[in-house]
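Each ligand, and each atom within it, is numbered from 1 in the order the structure gives. All residue numbers in this chain count up from 1 along the given sequence.
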Amino acid sequence: MPRVRVAVNGFGTIGKRVADAVAKQPDMELVGVTKTRPNFEGTRAMEKGYPLFVAGGGDRAAFAAAGLPVAGTLDDLLGQVDVVVDAAPDKVGKENAAIYRAKGLPVVFQGGEKADVAEASFSALGNFANCLGKRSLRVVSCNTTGLARAAAVLGPHWGIGHWEATLVRRAGDPAETARGPINGILPTFQLPSHHGPDVRTIFPDLSIATTAVVVPTTLMHVHVNHVRLQRAPRDADEVLSVFRSTPRFHVFAPWEHVDGTPQVMEYARDRGIGFNDMMENVLWENGIRLDDRDLYFFQAIHQESIVVPENVDAIRAILRLAPDGATSIATTDRALGLAPTGRPSR
Ligand code: NAD
């Protein structure tokens with residue numbers, strides 16, 4: 001099968017994960033990654049055999065001084081690929097958009113950009129079909145991806161009347177030592193928060209209102225959800241079995257003693273996929289309750305990795321490498337070592 005050639009511009013938290021994920025796909029070739037300055041992640045790129053290019057006005061001499069061989073500049077890299085994934089910091093993607101446009105290259109942006117950076121916002125379970133053949137897509141943020149996946153399950157099965165979600169957000173990623181708080185709880189003084197409108201970039205008619213607080217952890221976000229469904233499921237088990245049989249959901253049973261995000265991340269370390277990542281929405285059997293049409297459930301979202309398989313699927317949507325979302329998701333997840341559906345319960 002001929003493989004499409006992919007560049008990843010920005011080799012940080014998201015970019016390095018997307019690069020690994022792309023390199024594992026049977027229909028994709030990772031041509032190179034970029035960095036603006038040398039650091040330990042550049043060493044890893046070299047060890048993995050990913051050609052390294054300099055972006056963002058970076059200094060090639062600094063890479064040479066660090067002993068990191070550089071294959072060229074971003075401009076050189078973009079001349080060799082069919083599609084680029086922009087994983088530069090928030091708002092830098094919008095600046096980079098002009099570079100990609102000048103090259104006539106299709107591009108996948110990240111959720112730190114405003115929605116208008118791309119032709120459409122993207123969620124693999126949510127709107128793959130609407131995104132086929134677009135020239136630019138924005139993979140929505142980690143929180144929005146988690147909400148959109150759940151909406152893609154609940155909507156078709158029972159209809160969503162209205163959804164209220166409180167997002168308990170991690171303060172920063174593990175390496176982001178400058179972020180906080182390290183002690184305290186910070187309400188997000190935007191009521192409702194921007195996440196609801198962001199989910200509507202995928203599901204324009206969804207009635208959803210979100211609020212958020214930031215807490216001192218680096219281990220995942222947790223969403224506290226109350227969804228008024230349009231049709232009552234038989235019971236909570238019916239809802240759980242649908243989540244369990246959907247790819248990119250992982251439901252923990254009580255006997256597993258996964259009390260919260262620390263054990264979820266420990267499970268992910270035991271499993272050893274990607275960077276010991278948890279790319280699925282995480283639910284708990286004992287963290288769901290149904291009162292007629294009122295569904296309550298918790299879900300945990302690993303901020304650093306949930307968007308990684310989505311980026312792979314966004315590439316397939318842009319280049320029409322798969323006829324539908326289910327086919328792309330199955331290919332992506334097989335290559336990443338994710339279970340084809342949530343695990344069966346014991
Ligand atoms: P990051 O800071 O970890 O990585 C960004 C990388 O881009 C760094 O290596 C940086 O040196 C490099 N860079 C800087 N300027 C550049 C330029 N002009 N061109 C190319 N590269 C440049 O950031 P991140 O957390 O990986 O975030 C990237 C995007 O992904 C953002 O839009 C962010 O909102 C989104 N995102 C992040 C998370 C998360 O939790 N980290 C989750 C979902 C989405």
Side chain, backbone, both or neither: Asn96 near ligand 1, heavy atoms under 4.0 Å
side chain

Select one of side chain, backbone, both or neither to describe which atoms of Glu95 lie under 4.0 Å from any atom of ligand 1, heavy atoms only.
neither

By the definition salt bridge (charged side-chain N to carboxylate O under 4.0 Å, His left out), identify the one residue from Glu47, Glu304, Glu41 that meets it with Lys16.
Glu41

Could you say whether the N/O atoms of Glu113 and ligand 1 ever approach to under 3.5 Å?
no

Among Thr144, Asn281, Thr246, which residue meets the side chain to side chain donor-acceptor pair (under 3.5 Å) test with Arg149?
Asn281

What do the steps show when you test Thr261 against Arg170 for side-chain hydrogen bond (donor to acceptor under 3.5 Å, both in side chains), and what is the final call?
CA-CA 11 Å; Thr261 60; Arg170 60 89 174 101; over 6 Å; no

Could an N or O of ligand 1 be found under 3.5 Å from any N or O of Thr13, whether backbone or side chain?
yes

For Gly112, is at least one N or O under 3.5 Å away from an N or O on ligand 1?
yes

Starting at CD1 of Ile208, measure out to CZ of Phe203 and round the result to the nearest 0.5 Å.
10.0 Å

Report the C-alpha separation of Arg3 and Asp27 in whole Å, then their side-chain angles, then the decisive distance to 0.1 Å, and conclude whether the salt bridge (Lys or Arg N to Asp or Glu O under 4.0 Å) test is met.
CA-CA 4 Å; Arg3 295 186 299 164; Asp27 49 356; over 6 Å; no

Below 4.0 angstrom from a heavy atom of Lys35, which ligand 1 atoms are there? Numbered from 1 as shown, please.
9 (O)

Contact check: Asp173 vs ligand 1, nitrogen or oxygen atoms, below 3.5 angstrom
yes

Quick note on ligand 1: atoms under 4.0 Å from a heavy atom of Val92 include exactly 17 (C), 18 (N)

Taking only non-hydrogen atoms of Gln110 and a 4.0 Å limit, the atoms of ligand 1 in range are 29 (C), 30 (O), 32 (O), 35 (C)

What protein heavy atom sits nearest atom 28 (C) of ligand 1, and how far off is it?
Ala88 O, 3.3 Å

Does any donor atom in the side chain of Tyr296 or Asp291 lie under 3.5 Å from an acceptor atom in the other side chain?
no

Please tell me whether Arg316 and Thr332 have a donor and an acceptor in their side chains that are separated by less than 3.5 angstrom.
yes

Heavy-atom nearest pair, Ser207 first then Gly161, reads CB-O, 3.4 Å

Heteroatom distance test (Ile14, ligand 1): nitrogen or oxygen, under 3.5 angstrom
yes

Looking at non-hydrogen atoms alone, which of Ser141, Cys142, Gly93, Pro89 comes nearest to atom 13 (N) of ligand 1?
Pro89

Tell me the contacting part of Phe11 for ligand 1: side chain, backbone, both, or neither, using a 4.0 Å heavy-atom threshold, strictly below.
backbone

Show the atoms of ligand 1 that are less than 4.0 angstrom away from any heavy atom in Thr36.
11 (O), 13 (N), 14 (C), 15 (N), 16 (C), 22 (C)

Distance col, row Met28:CE vs Ile315:CD1, nearest 0.5 angstrom, shows 4.5 Å

Applying salt bridge (charged side-chain N to carboxylate O under 4.0 Å, His left out), name anything that partners Arg135, two or more places apart in sequence or on another chain.
none

Can you tell me if Arg170 contacts ligand 1 (heavy atom of the residue under 4.0 Å from the ligand)?
yes

Using a heavy-atom cut-off of under 4.0 Å, does the side chain or the backbone of Ala87 touch ligand 1, or both, or neither?
backbone

So is Asp90 polar-close to ligand 1, meaning N/O to N/O under 3.5 Å?
yes

Would His221 and Gln303 count as having a side-chain donor-acceptor pair, cut-off 3.5 Å?
no

